Amino acid sequence: MKTFASLALAAGLILVPAVSQAAFEGPAATTGTNQMTVEKVLSLSFDRDNVCMSGNIVNKVMTDSEKYTFQDATDSIVVEIEDEVFAGQTVTPQSKVRICGDVDSETFKPNEFDVEALQLLQ
């Protein structure tokens with residue numbers, strides 16, 4: 001009886017189809033998000049969610065391990081990007097990226113941006 005159960009189990013394992021991991025490679029939907037420039041984000045006088053910007057991460061801010069300078073054609077802003085958001089992607093100052101997240105409006109200093117998603121653009 002044990003032999004029969006072992007054979008049935010082995011046969012079951014052989015019949016189980018291989019599961020493959022697939023990932024979508026293409027543009028992200030922009031529905032519900034606001035595409036803005038850095039200049040516009042810096043001028044906001046209130047916090048704002050679901051904002052996206054396109055440009056380049058030009059350097060890392062030396063005083064904080066998760067803060068970077070992000071720049072587009074209009075200006076530059078400090079952004080906070082946690083390691084998980086990079087998701088293993090290599091980003092250089094020449095890489096064009098789209099970042100989405102929340103604007104932190106500041107009273108006595110320039111606004112900052114909390115990045116929740118980062119996409120390399122081609």
Side-chain angles (χ1 to χ4, degrees):
M1 190 67 159
K2 282 185 177 181
T3 304
F4 179 75
S6 296
L7 287 173
L9 180 61
L13 289 175
I14 292 170
L15 296 176
V16 173
V19 178
S20 64
Q21 295 280 331
F24 176 72
E25 292 183 15
T30 58
T31 305
T33 60
N34 297 311
Q35 183 72 30
M36 291 191 181
T37 64
V38 171
E39 181 179 52
K40 176 67 176 167
V41 168
L42 288 170
S43 71
L44 292 174
S45 58
F46 54 91
D47 288 355
R48 185 133 185 206
D49 298 336
N50 300 321
V51 172
C52 294
M53 298 183 288
S54 297
N56 303 78
I57 299 169
V58 295
N59 63 27
K60 186 172 198 155
V61 176
M62 297 302 278
T63 58
D64 192 314
S65 64
E66 294 182 338
K67 292 195 177 184
Y68 302 84
T69 304
F70 177 83
Q71 180 178 325
D72 69 4
T74 64
D75 210 337
S76 62
I77 188 171
V78 173
V79 298
E80 184 171 344
I81 309 172
E82 295 181 8
D83 291 339
E84 305 85 57
V85 174
F86 281 105
Q89 301 175 94
T90 300
V91 178
T92 69
Q94 292 75 36
S95 304
K96 179 97 174 191
V97 296
R98 180 172 189 257
I99 58 173
C100 297
D102 304 326
V103 178
D104 287 335
S105 178
E106 303 289 341
T107 304
F108 297 109
K109 62 180 187 174
N111 291 351
E112 291 189 359
F113 192 80
D114 290 329
V115 178
E116 295 176 357
L118 183 146
Q119 176 187 17
L120 281 168
L121 301 176
Q122 301 198 13

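This one's a predicted model, so the numbers in the text were calculated from it and none came from an experiment. The figures that follow rest on heavy atoms only: side chains count, while hydrogens, waters and symmetry mates do not.
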Any idea which heavy atoms bring [X] and [Y] closest together, and the distance?
X	Y	answer
Thr90	Ser95	O-OG, 4.3 Å
Ile57	Phe70	CG1-CD1, 4.1 Å
Arg98	Cys52	NH2-SG, 3.4 Å
Ser105	Ser45	OG-C, 3.3 Å
Asp49	Asn34	O-ND2, 4.5 Å
Val41	Asn111	O-ND2, 2.8 Å

Can you measure from [atom1] ([X]) to [atom2] ([Y]) and round to the nearest 0.5 angstrom?
X	Y	atom1	atom2	value
Gln119	Lys96	CD	NZ	12.0 Å
Leu42	Met36	CG	CE	11.5 Å
Lys67	Phe113	NZ	CZ	13.5 Å
Cys100	Gln35	SG	CD	7.0 Å

Heavy-atom distance under 4.5 Å between the side chains of [X] and [Y], does that happen here?
X	Y	answer
Gln71	Val38	no
Ser54	Leu121	yes
Ile77	Met53	yes
Leu120	Val97	yes

Sidechain-backbone polar pair: Asp72 side chain, Thr74 backbone, donor-acceptor under 3.5 Å =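 Yes.
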ask   = Side chain of Asp114, backbone of Asp102: donor and acceptor closer than 3.5 Å?
value = no
Is [Y] reachable from [X] through a run of hydrophobic residues whose side-chain heavy atoms are each under 4.5 Å from the next?
X	Y	result
Met62	Tyr68	no
Val58	Phe86	no
Val78	Leu44	no

